[in-house]
K.L.:
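Here you go, one structure.
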Amino acid sequence: MNTSMLEKELSYLLTKMQKAKPLVHNMTNVVVTNFTANGLYALGASPVMAYAPEEVADMAKVAGALVLNIGTLTGELVDTMVIAGLSANANGVPVLLDPVGAGAIRFRTESALRILREVKISLVRGNAAEIAHLVGEAREIKGVDAGESGSYDNACLAVRAAQELGTVVAITGREDVITDGRLCRVISGGDALLTQVTGTGCLLTSVLGAFAAVEQDLLLAGTAGLAFYGTAASRAAERTAAFGPGSFQTAFLDELAKLHPHSLKGYAAVREIQAVSAGGLS
Amino acid sequence: MNTSMLEKELSYLLTKMQKAKPLVHNMTNVVVTNFTANGLYALGASPVMAYAPEEVADMAKVAGALVLNIGTLTGELVDTMVIAGLSANANGVPVLLDPVGAGAIRFRTESALRILREVKISLVRGNAAEIAHLVGEAREIKGVDAGESGSYDNACLAVRAAQELGTVVAITGREDVITDGRLCRVISGGDALLTQVTGTGCLLTSVLGAFAAVEQDLLLAGTAGLAFYGTAASRAAERTAAFGPGSFQTAFLDELAKLHPHSLKGYAAVREIQAVSAGGLS
Amino acid sequence: MNTSMLEKELSYLLTKMQKAKPLVHNMTNVVVTNFTANGLYALGASPVMAYAPEEVADMAKVAGALVLNIGTLTGELVDTMVIAGLSANANGVPVLLDPVGAGAIRFRTESALRILREVKISLVRGNAAEIAHLVGEAREIKGVDAGESGSYDNACLAVRAAQELGTVVAITGREDVITDGRLCRVISGGDALLTQVTGTGCLLTSVLGAFAAVEQDLLLAGTAGLAFYGTAASRAAERTAAFGPGSFQTAFLDELAKLHPHSLKGYAAVREIQAVSAGGLS
């Protein structure tokens with residue numbers, strides 16, 4: 001697909017999502033619930049949080065997407081995530097996984113892998129260290145923050161992870177990469193201020209869920225989510241970089257609400273990359 | 001009561017509440033805890049959150065009001081809410097219920113109804129769909145967001161619910177209605193930006209709690225809460241509508257802190273409405 | 001130590017902390033998780049939250065500091081805090097305690113005292129009422145907000161508490177005091193707007209944790225944390241006092257991110273005080 005055709009597809013998806021106002025069922029960590037809900041409202045989606053074993057299957061069934069985030073998991077919560085995930089699977093609702101802190105702590109790595117085994121996951125989004133640990137590669141991680149690595153390395157890792165895990169994989173960092181294991185795209189845009197605000201990765205996964213709710217091609221949905229998210233961040237940073245992360249967070253919500261089909265121009269660029277997977281040329 | 005006398009009463013209540021700085025015990029959902037606490041502080045009240053079975057009875061006893069919000073309930077949490085509610089009942093502390101998502105999911109409807117059966121509730125606030133489901137009417141609901149309906153319909157529904165549930169009922173929407181089952185008031189004001197920020201309904205219920213802590217006539221207390229809340233929202237929207245929901249949320253907290261007895265003028269209007277309840281003319 | 005030498009030490013510690021980006025493991029209440037994480041990121045530290053019995057020992061072990069905050073505790077969570085605390089103790093990681101609401105509710109007082117008995121705590125930070133109740137003095141407390149008392153009284157109380165509890169004790173209020181039971185410092189600065197934003201005390205304890213992660217002399221680390229925190233608050237208030245607590249909160253995060261070694265000048269003052277402890281002249 002050439003760039004200008006792709007841009008048209010992404011723009012069309014934004015409009016489609018804004019019109020559909022998809023219900024996104026988030027089972028996320030206690031740090032980011034508020035920011036996630038506000039970000040989804042700003043984007044034009046309809047967030048809901050539900051965690052009780054008694055209700056998650058019912059909620060996931062009627063949602064447009066289910067987002068599982070293990071940022072502050074407990075053993076019991078993982079059980080409930082599996083209940084929700086199986087309900088989503090049975091009803092054709094895409095399930096996204098954010099493996100926050102996988103690799104930093106064994107319990108998180110194991111919980112993420114358990115979810116991947118027991119639930120059909122459509123898309124995984126994490127930083128390079130988190131994704132690496134899901135496929136048995138060790139990378140530097142401190143708490144929940146990854147070290148930085150290059151887009152080419154990330155692309156190779158993402159391709160390998162997509163093939164092994166059987167999902168679309170997005171790795172976010174200075175540039176973002178996304179792949180279904182064959183085609184790999186690099187999205188540039190965004191701003192380093194995103195790393196100074198908690199939950200920007202978590203919200204992004206939920207934003208990808210909003211796009212996944214309206215587009216079955218999850219590589220395309222994910223590309224749209226990454227491109228528009230980075231665009232909102234770049235525009236917010238233009239207004240607030242002189243002030244700091246508090247002002248940026250506020251402006252970022254404003255800019256998510258202002259996204260329109262022509263917002264990408266000058267703010268986000270998508271290119272395809274030939275990535276070498278673990279098993280040779282992909 | 002004529003309008004100008006009512007306005008004086010409402011203004012007096014604001015001053016009374018600001019002086020008393022009532023302790024409002026919130027058992028609310030994990031999405032809105034921070035916003036609720038900040039909103040109550042801004043208003044001049046004193047928020048506290050407590051959820052442990054070991055402490056909720058002690059906390060509810062010394063509070064000016066107890067607010068129960070089922071936005072992210074679990075079975076265990078509903079048990080604890082009943083413990084807190086019974087302690088409040090035994091000590092003359094008003095209890096308010098926010099049935100978030102009732103109707104969307106059976107477990108939530110049932111939990112709200114259980115609380116209404118086991119605890120004496122003074123005031124219920126919800127959107128039209130939530131209130132409708134508490135009295136067995138089906139209305140459109142998507143996740144936790146209601147469809148929009150007219151003030152006259154909402155007034156009829158509120159009157160019916162107030163009579164059946166034996167509480168004051170407030171239904172919020174484009175305009176808000178509140179009734180004790182006989183007298184019904186419509187409060188206009190507020191701003192559509194409220195629907196783009198998560199927790200604005202939840203915080204409102206807690207704000208009604210702050211007014212209920214200083215005024216036994218809960219219809220009057222509720223009218224004050226709705227009118228001043230809408231006023232703060234309107235004023236915040238004047239400053240920030242050009243920016244978006246992030247800026248609005250920040251400004252809304254600012255404006256809650258700036259409320260004074262004369263703030264209502266030009267921002268909120270209260271009228272009485274003759275509502276037809278399910279059983280005939282009310 | 002004379003004032004200008006102390007100021008140099010504090011400035012040096014800020015730089016050291018910003019370079020180290022210490023991992024601060026927070027087990028904190030559900031109201032303040034987001035604000036705490038954002039505040040620590042703004043300061044330049046690396047926050048992580050982890051609550052599961054299965055992972056807290058692993059996380060505390062690799063952290064630079066562990067912060068225990070009982071703002072929305074449950075019996076089970078206190079058990080888990082002890083697990084985390086013992087792991088921190090065994091690995092030389094300083095543990096800080098924020099006894100939110102101790103004194104207001106017996107369960108909280110008992111839980112704070114249990115943690116103090118079972119875990120070696122390096123620093124306790126609270127308001128005067130909370131600290132008083134830990135050493136068996138009754139002071140006025142409403143919910144989680146203390147009444148106001150003078151710096152001299154607070155210094156005496158802090159010295160007594162430090163001696164009895166065997167930790168560094170910080171009492172925050174109009175002025176802050178900190179002591180190891182012998183030397184007592186009073187830090188002025190900050191702004192009353194801090195009392196209108198929820199979680200500013202909780203975040204402060206986590207900020208002290210970030211400094212404790214890079215400096216073994218906890219009286220010095222705590223003095224640095226208090227002085228820089230107050231400085232950021234004063235600067236934020238300069239920009240936003242005309243607006244209100246919403247704007248202040250945003251600006252406060254901005255100012256935490258702008259702190260540099262020379263920020264203290266004109267904003268924070270540290271003096272030593274001769275405090276009379278319960279047992280006579282200290």
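Chain A is the first sequence line, chain B the second, and so forth, proteins listed ahead of strands; every chain is numbered from 1.
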K.L.:
My understanding is that only one of A/Thr198, A/Thr33, A/Val31 makes a side chain to side chain contact (heavy atoms under 4.5 Å, CB included) with C/Thr33; could you say which?
P.N.:
A/Val31

K.L.:
Quick one: do C/Glu255 and A/Phe243 satisfy side chain to side chain contact (heavy atoms under 4.5 Å, CB included)? Show the steps, please.
P.N.:
CA-CA 8 Å; C/Glu255 294 298 334; A/Phe243 298 101; over 6 Å; no

K.L.:
Give the interface residues of residues 76-89 of chain C toward chain A, defined by a heavy-atom separation under 4.5 Å.
P.N.:
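The stretch does not come within 4.5 Å of chain A.
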
K.L.:
Any sub-3.5 Å donor-acceptor pair from C/Asn34's side-chain atoms to A/Val32's backbone N or O?
P.N.:
no

K.L.:
Nearest heavy-atom pair of A/Arg108 and C/Met49: which atoms, and what distance?
P.N.:
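Looking at all heavy atoms of both residues, the shortest contact is NH2-O, 3.1 Å.
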
K.L.:
Would you compute the distance between atom CD of A/Gln196 and atom CG of C/Leu253 and round it to the nearest 0.5 angstrom?
P.N.:
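Atom-to-atom, A/Gln196:CD and C/Leu253:CG are 10.5 Å apart.
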
K.L.:
Tell me, side chain or backbone of A/Ala251 under 4.5 Å from chain C's heavy atoms, or both, or neither?
P.N.:
neither

K.L.:
Between A/Thr74, A/Asn29, A/Ile105, who has the most heavy-atom pairs with chain C when the cutoff is under 4.5 Å?
P.N.:
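That would be A/Ile105.
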
K.L.:
Quick check: closest heavy atoms across A/Ala242 and C/Lys258, and the distance to 0.1 Å?
P.N.:
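Of all heavy-atom pairs spanning A/Ala242 and C/Lys258, the closest is O-NZ, 3.3 Å.
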
K.L.:
Just verifying a value: how many Å separate C/Glu54 CD and A/Glu110 CD, rounded to the nearest 0.5 Å?
P.N.:
10.0 Å

K.L.:
Side chain, backbone, both or neither: which part of A/Leu73 has a non-hydrogen atom closer than 4.5 Å to chain C?
P.N.:
both

K.L.:
Looking at CD of A/Gln249 and CG of C/Asn38, how far apart are the two atoms once the value is rounded to the nearest 0.5 Å?
P.N.:
5.0 Å

K.L.:
What distance separates A/Phe107 CZ from C/Met59 CE, expressed to the nearest 0.5 Å?
P.N.:
11.5 Å

K.L.:
Rounded to the nearest 0.5 Å, how far does CG of C/Asp254 lie from OG1 of A/Thr240?
P.N.:
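A/Thr240 OG1 to C/Asp254 CG: 8.0 Å, rounded to 0.5 Å.
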
K.L.:
Check whether A/Ser247 gets within reach of chain C through its side chain, its backbone, both or neither, counting any heavy atom under 4.5 Å.
P.N.:
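Both parts, backbone and side chain.
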
